[in-house]
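All values reported here derive from a predicted model rather than from experimental measurement.
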Amino acid sequence: MSQQQISLPAKLINGGIAGIVGVTCVFPVDLAKTRLQNQRSGQQVYKSMMDCLVKTIRSEGYFGMYRGAAVNLTLVTPEKAIKLAANDLFRHHLSKDGKGLTVFKEMLAGCGAGMCQVIVTTPMEMLKIQLQDAGRIAAQQQKPVMMSPTKLVVTNTVLSRSYNSGPVMSAPRAVSATQIAKELLQKQGIQGLYKGLGATLMRDVPFSIVYFPLFANLNRLGKPSPAESSPFYWAFLSGCVAGSTAAVIVNPCDVVKTRLQSLNKGSSEESYNGVMDCVSKIMRKEGPSAFLKGAVCRALVIAPLFGIAQVMYFVGVGEYILDNYSPSFLSV
C-alpha cells in the first residue's frame, strides 16, 4: 500500500457499498441486540435473540424486524466509507518510510479511523436505537407488572408524545427518524443528536484498534505470496473473526452507549447522567453480567457485516465504477 497511490473516492464508494450490503443482511439481529441490551432485570420481555425475533414478527410483522433500517441504510454509507477509507489513508501515510507497518502503527491507524467515524455514527445510532426499541417499550408496557397506579404512565418527557403517550395498553404512534431528529433539534439543538458521543468514542475507537490490525494480520496469512492478494473467502473469514472478536471485547461500552442513547424509557426505567453514572447504576442494580447483554447478537451482527464489507471492499467496485463511468475529476 505504501508504494502505490490510493484513490479516496474509490475507497469511499467501496466502503459505502460494503456498508449497505452488510447492514441489509444483519439488521434483524442488530434490532434484537438493541432490545436485549435495553432490558432491565425483572422486566424482561425477551428471553433470547430468537425469542426476540419471533415475538417481533408476531407483534409487528416481518418488517418490524427492520425498524430503523432506513436511517441506518442512509447513514451507513458515509459511516462505513469514512471508517474503511480513513483506516486505509492512515495506513498509507504511516507506511511511507517503505517499511511494513508495525502492530503499533496498525493500531494507531485504527484509532484514527474510529475517531473519524463517530461524526456520522453517533447521530445514526441515536436515531436507530429510538426506532428499534419502540417495540420493546410497547411490549413492556402491555406486560402485566406489579406496581403502583402512578407508575402505569411513562413520565419521560423527551419524545413521550411520539412513543409513550396515553395509557399502558395503547400502542405507540409510529414515528420516523426525521420526526425524531426534528424534535431533538428543537428541544436540545445539535447536541441532542450527539448524546452518547463519549460512549460511542469509548466503543468505536477500541473496536477499530482491535479490528483493523487483527484483520490485516489474519488476512496476510491467506496470501499465497507477499505480492498477491488473499482469496475473497479468506478476506471474508478474516473479517468475520476480527469483527466478532472486537465486538465482544467492546460490548460493555456498547451496552452503556445503548442505554445512554435510549431516550424513550419503559415504566420504572431510570435515566443516566453520563457514562460513569450509567456504569455505576448498571453495576449496582444489575451486576457485571449486564455488560455482556447482547454480546452474542453483536458478534453475530459484526462478524458477517465486516466479512461482507471486506469482500466488497477488496473486490474493488469503486475502482471499477470510477474507471468506467465517472467524470475524470473524480478519479484523480
Side-chain angles (χ1 to χ4, degrees), residues 12 15-16 19-20 23 27 30-31 33-35 37-38 60 63-64 66-83 86 113-138 140-141 153-166 170-205 253-267 269-278 281:
L12 293 173
I20 290 172
V23 166
F27 194 84
D30 186 58
L31 179 136
K33 181 225 46 148
T34 296
R35 293 186 176 184
Q37 285 183 338
N38 267 329
E60 303 169 53
F63 290 105
Y66 283 87
R67 274 180 179 261
V71 65
N72 220 36
L73 288 171
T74 301
L75 294 179
V76 77
T77 303
E79 188 230 17
K80 283 290 177 287
I82 290 171
K83 185 186 189 82
M115 293 183 72
C116 290
Q117 77 170 93
V118 296
I119 298 169
V120 177
T121 304
T122 306
M124 177 184 77
E125 292 276 305
M126 183 74 176
L127 298 174
K128 181 194 72 173
I129 285 171
Q130 313 317 312
L131 296 170
Q132 283 184 331
D133 206 36
R136 181 191 69 87
I137 296 296
Q140 193 246 342
Q141 289 174 350
V153 178
V154 176
T155 56
N156 181 47
T157 56
V158 183
L159 302 179
S160 59
R161 71 170 182 269
S162 298
Y163 288 103
N164 300 316
S165 58
S170 63
R173 178 171 62 87
V175 292
S176 67
T178 305
Q179 288 173 286
I180 297 172
K182 196 177 295 184
E183 188 165 347
L184 281 169
L185 288 171
Q186 287 174 351
K187 290 185 176 182
Q188 302 178 27
I190 190 68
Q191 64 266 30
L193 289 174
Y194 280 87
K195 185 176 182 180
L197 175 62
T200 305
L201 278 168
M202 280 175 53
R203 182 196 69 171
D204 288 346
V205 171
C253 299
D254 191 56
V255 172
V256 173
K257 182 198 73 67
T258 301
R259 294 285 183 92
L260 287 173
Q261 291 185 322
S262 297
L263 301 178
N264 50 314
K265 306 291 183 184
S267 54
E269 291 181 359
E270 61 186 328
S271 299
Y272 306 103
N273 298 314
V275 172
M276 294 311 298
D277 181 57
C278 182
K281 285 180 178 177

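Remark: Q261 pairs with K257 by the side-chain hydrogen bond (donor to acceptor under 3.5 Å, both in side chains) rule, at least two apart or across chains. When the side chain to side chain contact (heavy atoms under 4.5 Å, CB included) test is applied to C278, the partners found at least two apart in sequence or on another chain are V256, R259, L260, Y272, I282. With sequence neighbours excluded, the residues that form a side chain to side chain contact (heavy atoms under 4.5 Å, CB included) with L75 are V71, V120, M124. With sequence neighbours excluded, the residues forming a side chain to side chain contact (heavy atoms under 4.5 Å, CB included) with L185 are I190, L193, listed by chain and number. Every side-chain hydrogen bond (donor to acceptor under 3.5 Å, both in side chains) that D254 has, sequence neighbours left out, goes to K33, Q37, R203. Residues passing the salt bridge (charged side-chain N to carboxylate O under 4.0 Å, His left out) test with K182, sequence neighbours excluded: none. Applying the salt bridge (charged side-chain N to carboxylate O under 4.0 Å, His left out) test to K128 and every residue at least two apart in sequence or in another chain returns D30, E125. Evaluation of the salt bridge (charged side-chain N to carboxylate O under 4.0 Å, His left out) rule for D133 yields R136 as partners, not counting sequence neighbours. Annotation: side-chain hydrogen bond (donor to acceptor under 3.5 Å, both in side chains) contacts of T200 (sequence neighbours excluded): none.
Taking all atoms of both residues into account, the shortest heavy-atom contact from I129 to S262 is CG2-OG, 3.4 Å. Between M202 and C253 the shortest heavy-atom distance is O-SG, 3.6 Å. Between F27 and A69, the shortest heavy-atom distance links the atoms CZ-N, 3.4 Å. Residue R67 comes nearest to L131 through the heavy atom pair CD-O, 3.4 Å, listed as atom of the first residue, atom of the second, then distance.
To the nearest 0.5 Å, atoms SG (C116) and CG (D204) are separated by 11.5 Å. Note that the CD atom of Q117 and the OG1 atom of T122 stand 8.5 Å from one another [nearest 0.5 Å].
Side-chain contact check for I119 versus I82: every heavy-atom pair is 4.5 Å or farther apart. Between L184 and M126, the closest side-chain pair of non-hydrogen atoms falls below 4.5 Å.
Judged by distance alone, with hydrogens and angles left aside, the side-chain atoms of Y66 form no donor-acceptor pair with the main-chain N or O of L31 at under 3.5 Å.
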